[in-house]
Amino acid sequence: MTYTPKSDFLNVMIERGYLADCTDYQGLDAALVKGVVPAYIGYDATAASLHVGHLLNIMMLRWLQKTGHKPITLMGGGTTKVGDPSFRSEERPLLTPQKIDENIAGMQQVFGRYLSYGTGATDAIMLNNAEWLDSLNYLEFLRDIGRHFSVNRMLSFESVKSRLDREQSLSFLEFNYMILQAYDFLEIHRRYGCLLQMGGSDQWGNIINGIDLTRRVLDHEIYGLTSPLLTTSDGRKMGKSAGGAVWLNGAMLSPYEFWQFWRNTTDADVGRFLKLYTDLPVEECDRLGTLQGSEINAAKIILANEVTALLHGAEAASAAEATAREVFEKGGVGDDLPTLALTKDEIGEGITLAQLFVRSGLSASGKEAKRLIAEGGARLNDSPATEAGQMFTAADLAEPLKLTAGKKRHALVRIGA
């Protein structure tokens, strides 16, 4: 990009690596310099928690607020009933209204850690698109909004085209999603003066639709900005770990496991992740990212502490580091390790070692657990585990057992109430 922005926000987006594309750099930059710009990101309520894949865009909203603008977090209470088909090979399972509300309640817990909500000019606000989508009159909506959409153009969007090219079904329900998301932008602009929608680069087509619709209906100029879809340096999708999604809710993933995810960052990603996921100055992120050998491990601990402190608090970050130090350096059993509590009824006459690895989340299946044990990658109380069929009774679990998969993933198993 040859354009050099004047606004703090766009400079931060470029300098820290958040920016993939923008619909109008100069127009958005001028609006950001002129006054407070309200901007939103939408989150469909498809799970009970947000995960690490959402964290990049949450940090964008954080920087928006830190540079003097107004973040809007939009909960997709309405659009979740349809499901975003973007770059998916099959239709999302439909959720009940009650489940959607439960998921939204779980997701909302996270935002307050990163944003300041209130009634001030730059305070964040939280909206739910069910507020306007649930009460739509279908015929009026078709007449007033549907007439602005060209089916030919909608079919040309990559998210739709890729699905049809593979001859995979795209339901009429899903086809409506892009119209509803475009309508969201129009409504949030009309009700709250929102000038900017942000999202991952897979949302580019949906964002463009909202800008076009607003221009046609209100003749107003609004903007779109996307972030890159992140992969780690070894090609994995950001946010996935061997144990599944890296959730942001502490009840679904302990602060220790969250801390450990960041501590296990590959050397090549440390500097980039410090810029994207922490508030540390860019110069410090660059310095830490260039460290090598054993020094890069110190940078990884700083990364894990900073990211964990933002989400779970400084105390949780310190506890996680202390647990890791005890587990790795002293071979002890850390109090903060993820723990599986089994009842005597669940154990019955006995439970195998392979089953313990599955139940504790260290292996995805019994087959995977058996392979891990057979290949020498499993440890029991810091000693090599060799028998997948080794049986454990309730009496064996009177003292906690420490399970280890590979070098860095640990869990405790004990008798519960």
Side-chain angles (χ1 to χ4, degrees), residues 1-42 55-74 111 114-125 184-186 188-215 218-230 271-289 306 310:
M1 187 187 75
T2 54
Y3 179 72
T4 303
K6 298 181 179 65
S7 63
D8 290 341
F9 177 66
L10 275 184
N11 273 309
V12 168
M13 290 298 98
I14 294 165
E15 192 176 31
R16 299 186 81 97
Y18 291 108
L19 186 60
D21 213 341
C22 179
T23 55
D24 177 0
Y25 288 104
Q26 292 182 322
L28 175 58
D29 194 37
L32 289 161
V33 170
K34 186 177 178 182
V36 174
V37 169
Y40 91 96
I41 297 177
L55 196 49
L56 184 82
N57 286 336
I58 295 173
M59 288 299 294
M60 290 167 71
L61 289 172
R62 180 176 173 83
W63 281 109
L64 180 89
Q65 189 168 50
K66 282 164 74 81
T67 53
H69 301 283
K70 188 178 188 71
I72 299 172
T73 45
L74 177 68
F111 293 106
Y114 296 90
L115 303 171
S116 173
Y117 286 84
T119 56
T122 63
D123 283 340
I125 57 172
D184 279 347
F185 202 174
L186 169 65
I188 299 172
H189 172 69
R190 188 152 44 192
R191 294 173 183 226
Y192 301 94
C194 182
L195 292 179
L196 173 64
Q197 183 185 354
M198 301 189 291
S201 56
D202 60 335
Q203 294 299 312
W204 181 255
N206 289 332
I207 292 171
I208 295 289
N209 278 333
I211 292 170
D212 286 348
L213 178 63
T214 303
R215 191 180 293 130
L218 299 177
D219 195 26
H220 289 183
E221 201 64 45
I222 54 178
Y223 309 97
L225 184 151
T226 58
S227 60
L229 292 180
L230 276 197
R272 183 168 61 127
F273 286 0
L274 281 163
K275 282 191 275 197
L276 293 172
Y277 296 108
T278 80
D279 291 339
L280 291 177
V282 170
E283 301 75 24
E284 179 65 0
C285 297
D286 286 335
R287 184 189 73 78
L288 291 168
E306 291 288 327
L310 273 177

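Since the structure is predicted, the reported quantities are computational estimates derived from the model, not experimental observations.
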Sorted by chain and residue number, the side-chain hydrogen bond (donor to acceptor under 3.5 Å, both in side chains) partners of E221 (sequence neighbours excluded) come out as R215
Q | D212 side chain reached by I208 side chain, heavy atoms, under 4.5 Å | A | yes
For D29, the salt bridge (charged side-chain N to carboxylate O under 4.0 Å, His left out) test, sequence neighbours excluded, returns none
R191 meets the side-chain contact (heavy atoms from CB on, under 4.5 Å) criterion, sequence neighbours left out, with E131, W132, E187
Across all chains, not counting sequence neighbours, the ring-ring contact (aromatic ring centres under 6.0 Å, His included) partners of Y40 are F185
Smallest heavy-atom separation, C194 atom then A39 atom, equals SG-CA, 3.9 Å
Note, T23 side chain near W204 side chain (heavy atom, < 4.5 Å) = yes
Exercise. Would you say the side chain of M59 lies within less than 4.5 Å of the side chain of L310, judging by non-hydrogen atoms?
Worked result: yes
By salt bridge (charged side-chain N to carboxylate O under 4.0 Å, His left out), E284 pairs with (sequence neighbours left out) R287
side-chain hydrogen bond (donor to acceptor under 3.5 Å, both in side chains) filter on T278, not counting sequence neighbours, yields none
CG of D184 to CG of L74, rounded to nearest 0.5 Å, is 5.0 Å
Applying side-chain contact (heavy atoms from CB on, under 4.5 Å) to L229 and not counting sequence neighbours gives S201, D202
Separation between CD (E306) and CG (L280), nearest 0.5 Å, reads 4.0 Å
In short, salt bridge (charged side-chain N to carboxylate O under 4.0 Å, His left out) pairs touching residues 3-25 with sequence neighbours left out are none
By ring-ring contact (aromatic ring centres under 6.0 Å, His included), Y114 pairs with (sequence neighbours left out) none
Across all chains, not counting sequence neighbours, the side-chain hydrogen bond (donor to acceptor under 3.5 Å, both in side chains) partners of Y223 are none
Ignoring hydrogens and angles, write down the donor-acceptor pairs under 3.5 Å from the side chains of residues 115-125, residues two or more places apart or on other chains.
from, atom 1, to, atom 2, distance (Å)
Y117, OH, T73, OG1, 2.8
D123, OD2, T119, N, 3.3
D123, OD2, G120, N, 2.8

In this structure, CD of Q65 is separated from CZ of F9 (nearest 0.5 Å) by 11.5 Å
Rounded to the nearest 0.5 Å, the CD atom of Q203 sits from the CG atom of N209 at a distance of 11.0 Å
Applied to residues 271-280, the salt bridge (charged side-chain N to carboxylate O under 4.0 Å, His left out) test, sequence neighbours excluded, yields R62-D279, K66-D279, D269-R272, K275-D286
Side-chain heavy-atom pair M198, L61 within 4.5 angstrom cut-off: yes
dist L230:CG -> F273:CZ (nearest 0.5 Å) comes out at 6.5 Å
When rounded to the nearest 0.5 Å, the distance separating CG of L288 from CG of L274 is 5.5 Å
Answer yes or no: is there a side-chain heavy-atom contact under 4.5 Å between T67 and L32?
no
Of all heavy-atom pairs linking I14 and P5, the shortest is CD1-CG, 3.7 Å
So, H69 side chain and V37 main chain: donor-acceptor pair closer than 3.5 Å or not? yes
| message | Apply side-chain contact (heavy atoms from CB on, under 4.5 Å) to residues Q197 and I188 and explain how you reach the verdict. | response | CA-CA 10 Å; Q197 183 185 354; I188 299 172; over 6 Å; no
Heavy-atom closest pair (L195 atom, A31 atom, distance to 0.1 Å) is CD1-CB, 4.3 Å
When every non-hydrogen atom of S227 is compared with those of A20, the smallest separation belongs to C-CB, 3.5 Å
Note: I222 and I211 closest approach over all heavy atoms is O-CG2, 3.7 Å
